[in-house]
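This report refers to the structure that appears directly beneath it.
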Amino acid sequence: MKTRREEDNTEGEELSKRQKLLELSSPSPSPPRLAFDNALLPLASYDDDDEDEEDDERRAASGGRFENFGGRIEQNGYKDDGEYDDEDEDDYNEKGMSQGKSNRMIEVRRDCPYLDTVNRQVLDFDFEKFCSVSLSNLNVYACLVCGKYYQGRGLTSHAYTHSLEAGHHVYINLRTEKVYCLPDGYEINDPSLDDIRHVLNPRFSREQVDQLDKNRQWSRALDGSDYLPGMVGLNNIKETDFVNVTIQSLMRVTPLRNFFLIPENYQHSKSPLVHRFGELTRKIWHARNFKGQVSPHEFLQAVMKASKKRFRIGAQSDPVEFMSWLLNTLHADLRSSRKNSSIIHQCFQGELEVVKETHGRAISEKRENGDNQNNGTDADGGTGRNNVVMETSRMPFLMLGLDLPPPPLFKDVMEKNIIPQVPLFNILKKFDGESVTEVVRPRIARMRYRVTRLPQYIILHMRRFTKNNFFVEKNPTLVNFPVKNLELKDYIPLPTPKGKEKLRSKYDLIANIVHDGKPGEGCYRVFVQRKSEELWYEMQDLHVSETLPQMVALSETYMQIYEQQH
């Protein structure tokens with residue numbers, strides 16, 4: 001009869017022998033990386049998830065040990081390559097011990113008898129990758145029969161339970177794109193499932209990206225509807241039309257779109273906002289979607305988190321504010337430490353020369369104190385005669401704000417409102433370096449602006465809304481603008497190009513956002529150009545229709561994007 005100590009020694013010897021064999025049979029693994037090293041993880045916070053807490057307790061009960069799967073060390077579900085295990089690690093019995101799946105090999109089969117139960121009509125990968133039962137975003141599978149999301153595929157997992165209860169047997173891992181048959185547990189390797197993988201994670205080669213603006217072919221969705229890749233409608237989840245028009249406008253900026261269609265371009269970024277924007281871009285331009293529209297749900301969740309709920313679902317916001325915030329945030333998340341540049345600045349950044357005239361403080365204070373003595377100059381460097389201090393500076397810009405003339409106060413003879421019109425060239429004179437703009441904050445000053453460098457894409461914002469102490473007022477003035485061949489040098493003095501550089505000051509309109517309705521209410525829609533055919537489309541959430549170029553200029557334009565001609 002062996003004593004307990006002898007049994008422990010024997011077990012210890014066997015364990016050490018087993019570990020030596022494993023070390024000899026496999027390369028030494030690198031230490032596992034933690035969850036937050038993976039920038040592609042969804043945005044959910046699952047600290048309070050019951051199952052994860054139970055897992056931690058079970059690991060603690062079993063001494064917090066690693067489990068060895070085929071020679072790779074795994075901890076907390078994360079392999080040594082920084083990604084969490086697609087095999088469910090929640091497979092514990094009631095005593096908290098592993099049920100011995102450590103050395104199990106996954107069978108790969110092609111002849112699954114349940115493939116004909118897959119229902120592509122119910123599949124929707126636009127929503128957040130959360131388990132519909134546990135609300136965890138770890139290790140989530142989609143049931144390809146009913147479209148619902150479940151966590152794990154171990155014996156005690158929600159997907160396994162669903163397969164037994166509902167008789168649904170085919171599941172895809174939303175991260176690895178591997179397809180499994182449950183409860184049998186084998187992997188299905190069949191090319192007929194590739195179209196589902198493409199919808200889950202659209203892919204573009206660089207050759208396909210280069211051909212996008214030459215493609216005139218329509219695509220057909222599973223429901224029989226036809227759609228144009230890049231011209232798909234976006235769901236208005238709840239008062240999110242300000243996001244939809246901004247996204248549709250940015251999709252026309254070719255270098256920006258091409259950058260985000262290739263995930264390798266921004267794989268260094270750990271920002272969920274960057275990756276969600278890239279996913280949304282790929283879905284909008286994908287030619288093999290199951291439906292003719294896209295829901296920006298995951299992107300909106302990333303926006304809410306990154307903006308600390310400044311922009312959120314269910315609250316109407318201003319697309320100009322959103323565009324400014326989005327471009328600045330994407331730039332900050334994309335720029336590398338070596339150079340302060342990004343695809344955002346390469347597309348949109350220009351430069352202004354700003355001349356600021358203010359009254360000298362010293363003289364103002366002396367006059368207030370009744371001291372009228374003057375020595376000719378003040379403390380700020382302004383002359384004593386006119387008491388003006390001039391400061392000249394250069395500042396970058398991503399967007400130019402244009403001031404509309406005030407609307408008339410009176411009605412015409414027929415007792416109808418007069419809707420004034422103003423040419424775009426008149427309000428562009430604000431940036432000719434001579435026109436004076438009065439500002440009152442932070443101090444009363446006279447400002448003069450001059451464009452010293454034009455961007456490849458110029459964003460113009462018409463200041464339609466003014467806030468006073470009581471309400472927001474909307475200026476209904478119509479702006480007359482050319483859809484093609486906007487020649488800026490005729491209205492703005494531009495610097496002469498250096499050397500052999502050519503002055504490129506001619507622009508074509510590619511997107512025009514308009515506001516309909518009352519201030520604080522109303523809705524937004526956008527006119528965009530499809531380059532392959534040079535046709536114009538009006539887009540308002542899910543509504544997409546072709547329109548005439550003449551119709552683009554007949555509405556209350558709010559924000560425009562112009563593209564520099566080559």
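N236 is linked by a side chain to side chain contact (heavy atoms under 4.5 Å, CB included) to T240, D241, N244, D541, counting only residues two or more places apart in sequence or in another chain. Partners of F204 by ring pair (Phe, Tyr, Trp, His ring centres under 6.0 Å), not counting sequence neighbours: none found. Under the side chain to side chain contact (heavy atoms under 4.5 Å, CB included) criterion, E177 pairs with R197, L200, N201, R203, sequence neighbours left out. Residues forming a side chain to side chain contact (heavy atoms under 4.5 Å, CB included) with S555 (at least two apart in sequence, or on another chain): N512, V514, R525, F527. Shown here are the ring pair (Phe, Tyr, Trp, His ring centres under 6.0 Å) partners of F425, two or more places apart in sequence or in another chain: Y491. Under the rule for a side chain to side chain contact (heavy atoms under 4.5 Å, CB included), the partners of P549 that lie at least two apart in sequence or sit in another chain are W536. Applying the side chain to side chain donor-acceptor pair (under 3.5 Å) criterion to D226, with sequence neighbours excluded, gives R220. Contacts of F260 classified as ring pair (Phe, Tyr, Trp, His ring centres under 6.0 Å), with partners at least two apart in sequence or in another chain: Y266, F277. Under the rule for a side chain to side chain donor-acceptor pair (under 3.5 Å), the partners of Y150 that lie at least two apart in sequence or sit in another chain are H162. For the side chain to side chain donor-acceptor pair (under 3.5 Å) test, no residue two or more places apart in sequence or in another chain qualifies with S295. S324 pairs by the side chain to side chain donor-acceptor pair (under 3.5 Å) definition with nothing, not counting sequence neighbours.
Residues R153 and Y141 bring a donor and an acceptor atom of their side chains to less than 3.5 Å of each other. Side chains of T329 and H331: no donor on one and acceptor on the other come within 3.5 Å. At a cut-off of 3.5 Å, with distance as the only test, no side-chain donor of H168 or K148 sits close to an acceptor on the other residue.
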Enumerate donor-acceptor pairs with a distance under 3.5 Å from any side-chain N or O in residues 393-406 to protein atoms, sequence neighbours excluded.
{"residue": "R394", "atom": "NH1", "partner": "E351", "partner atom": "OE1", "Å": "3.2"}
{"residue": "D403", "atom": "OD1", "partner": "R463", "partner atom": "NE", "Å": "3.1"}
{"residue": "D403", "atom": "OD2", "partner": "K430", "partner atom": "NZ", "Å": "3.2"}

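Ion pair D124/K291 flagged as a salt bridge, since at least one NZ, NE, NH1 or NH2 atom sits closer than 4.0 Å to an Asp/Glu carboxylate oxygen.
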